[in-house]
J.: 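Structure below; questions to follow.
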Amino acid sequence: MYIRQISVFLENTTGSLHSMTRLLGEHGVDLIALSIADSDSFGVLRCVAHSGELDRAMEALREAGYTARVSDVICACVPDQPGGLSRVLGLLDQGGISIEYIYSFVRNTGVDALLIFKLDDPEKGAMLFAENGIRMLSQEQVDSL
Amino acid sequence: MTGKRAHKIWDPAMECMSRDERHALQGRRLREVVRRVYDNVPVYRARMDAKGVKPEDIRTADDIVLLPFTEKTDLRDNFPYGLFAAPKSEIVRIQGSSGTTGKPIVVGYTKNDVDVWTQLMARALTAAGGGRDDIIQVCYGYGLFTGGLGAHQGATEIGAMVIPMSSGNTQRQIMMMREMGATMLCCTPSYATHLGETIREMGLEPGKDIHLKAGCFGAEPWTEEMRQKLEELLGIDACDLYGLTEIAGPGVAFECLEKDGMHVNEDHVMLEIIDPVTEKPVPEGQSGEMVFTTISKEGMPMLRYRTHDISSITTSPCACGRTTLRLGRLTGRTDDMLVIRGVNVFPSQIESVLVGIRGVAPHYLLVVDRVKSADVLEVQVEMTEDMFSDTVAHIVELEKKISGQIKSVVGIQAKIKLVAPRSIPRSEGKAKRVIDHRKL
Ligand SMILES: [Zn+2]
């Protein structure tokens, strides 16, 4: 139900994002989803990689002195059509679940848009999705993308 | 007093007198010492004349604020005999420091000065539980440095058996400690820790092979964490001890077994806590510079000697029964102090905030700048994995928590800048904690 996400602390300095992504590239880590959130003084990069590359990515990051961590997020398929996302957000709203952040995959599977959700109550959120026929991808399914 | 330990007091008459009585005693002694230095030390006379203060202006202890300050440089500039207030024939001892920068400093003691110093240290050892049945191992250095002889004299005075080991040779220290059955230890806290670690490495067990029960540790600042470690390592009560050669030597202030601040021997020294910039006294409990005046010394009295050490005092009663004011831990030097928007800021205060927040590393850098003629303080803190979150809002919350606590402790708003781990330079020895861009 959950997939693994890597997040990395970035200082707001020129080139910090570039050097980090280059590092992962050098270690053969392919990023299949990615987002950056920032405050006025720092940034947090979040990304999803194939599970076979996750340990290698974390090792490379820590070795290079980055603060990074792995956390669980929900990957949901949202119909790629007008009102698709709005319906999902409405469901969460009615369920009293708040979204810490949301971002979309780099790659698309065709009819559906793949979205990463970080919810304040992930268990309840996943149940709500399941009850309402919103498909969630497992880590294996993400790995096969 | 059930459940409480019995406190031994060496000189109850002086240590437990009412604060009013002591204040009166201080006034009498201050008057005498001011008269003595005015008559005998040209430097003091010139300084007082320059301030327009005459010995007869000093009527009570409160008049101390009228007197001029003395600095360490005064001891160097007047080396060797310039600040002596008694003739050389009356001086029976010289102590001092070699001085890492330039000229040494020396202090002269009359017979009475040595006796007073001995009493101060006897009070300290008694407060740590010492008595005639104790075997006290002194591993402070003996010589010009006051540690060794100070502890030695005090231990002899209380009738204990003294093992005058001086410093160094850890194996031999432990052998003697073990064979002689030493019950108390006098040395620096860092050397005590080293002794404790070596004892453990040798497979010796406190309580079985080593019979120490207490120690008086001074000559360098230390922390509560160090105390806990020391007490566990050696199975002892570890008491803090403060002193400085310029004032007497070890014993100026000492902790009792309550370990709740150091009792200041106020019948022989007066302690003021001042704002190092305005030179005005700060309210009780607030941090400021310690300024000592010796009020019974004959050989080389000190008027308002500025230590440049930062601490605070309390007059709240101590469970041991002593009525003297108590000195908190030394938390830094005025040399490190920053004045930001008119507020005195000590890097150590910021450090204490940071180490108090879970997950925050004690590596920090203070960057001060002036933006549109207003001072701005930025506190750089390294982002550790414990602090990190994938949700920006959580990190922003943590920033707010840090700046909120800094505001409540230091009194000014700081901008928190989280930086990459290990990006703040570590240096051997003293870390560089401050970058001040305001230099005009
Ligand atoms: Zn006490």
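Order of the sequence lines fixes the chain letters, A, B, ..., with proteins taken first and strands second; residue numbering starts at 1 for each chain.
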J.: Just verifying a value: how many Å separate A:T67 OG1 and B:D386 CG, rounded to the nearest 0.5 Å?
T.: 10.0 Å
J.: Should we count CD of A:E63 as having more than 12 external heavy atoms under 6.0 Å?
T.: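 No, not enclosed.
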J.: Test side-chain contact (heavy atoms from CB on, under 4.5 Å) on A:F42 and B:V392 and set out the steps.
T.: CA-CA 9 Å; A:F42 66 88; B:V392 172; 4.1 Å; yes
J.: Crowded around B:E197 CD? As in, over 12 foreign heavy atoms under 6.0 Å?
T.: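 Counting neighbours around CD of B:E197, more than 12 heavy atoms of other residues, nucleotides or ligands fall under 6.0 Å, so yes.
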J.: For the side chain of A:R69 and the backbone of B:S389, is there at least one donor-acceptor N/O pair under 3.5 Å apart?
T.: no
J.: Between B:A420 and chain A, with a heavy-atom cut-off of 4.5 Å, which part of the residue counts as in contact: side chain, backbone, both or neither?
T.: both
J.: Look up atom CG in A:D40 and atom NZ in B:K415, then write down how far apart they are to the nearest 0.5 Å.
T.: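 Going from CG on A:D40 over to NZ on B:K415, the span is 5.5 Å.
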J.: Verify side-chain contact (heavy atoms from CB on, under 4.5 Å) between A:V44 and B:F388, making sure each step is shown before the conclusion.
T.: CA-CA 9 Å; A:V44 175; B:F388 183 52; 3.9 Å; yes
J.: Please walk me through it: do B:K417 and A:E11 pass side-chain contact (heavy atoms from CB on, under 4.5 Å)?
T.: CA-CA 9 Å; B:K417 181 173 166 58; A:E11 280 186 63; 4.3 Å; yes
J.: Looking only at heavy atoms, which two atoms of A:G65 and B:P421 are closest? And how far apart?
T.: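 What the structure gives for the nearest pair is O-CG, 3.2 Å.
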J.: Can you say whether B:E382 sits under 4.5 Å from chain A via the side chain, the backbone, both, or neither, judging by heavy atoms?
T.: neither
J.: Between B:D390 and A:Q5, what is the shortest heavy-atom contact and its length?
T.: OD2-NE2, 3.6 Å
J.: How many angstroms lie between OG1 in B:T384 and CZ in A:F9, if you round to the nearest 0.5 Å?
T.: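 Interatomic distance, B:T384 OG1 to A:F9 CZ, rounded to 0.5 Å: 10.5 Å.
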J.: Could you walk me through whether B:T391 and A:E100 pass the side-chain hydrogen bond (donor to acceptor under 3.5 Å, both in side chains) check?
T.: CA-CA 7 Å; B:T391 303; A:E100 291 189 4; 2.6 Å; yes
J.: Is it true that, when you exclude B:K259 itself, more than 12 heavy atoms of the residues, nucleotides or ligands shown sit nearer than 6.0 Å to its NZ?
T.: yes
J.: To the nearest 0.5 Å, what is the distance between CZ on A:R62 and CD on B:E385?
T.: 4.0 Å
J.: Crowded around A:E123 CD? As in, over 12 foreign heavy atoms under 6.0 Å?
T.: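 Counting neighbours around CD of A:E123, 12 or fewer heavy atoms of other residues, nucleotides or ligands fall under 6.0 Å, so no.
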J.: Working to the nearest 0.5 Å, report the span between CG of B:L418 and OG of A:S39.
T.: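 Answer for the CG-OG pair, B:L418 versus A:S39, is 8.0 Å.
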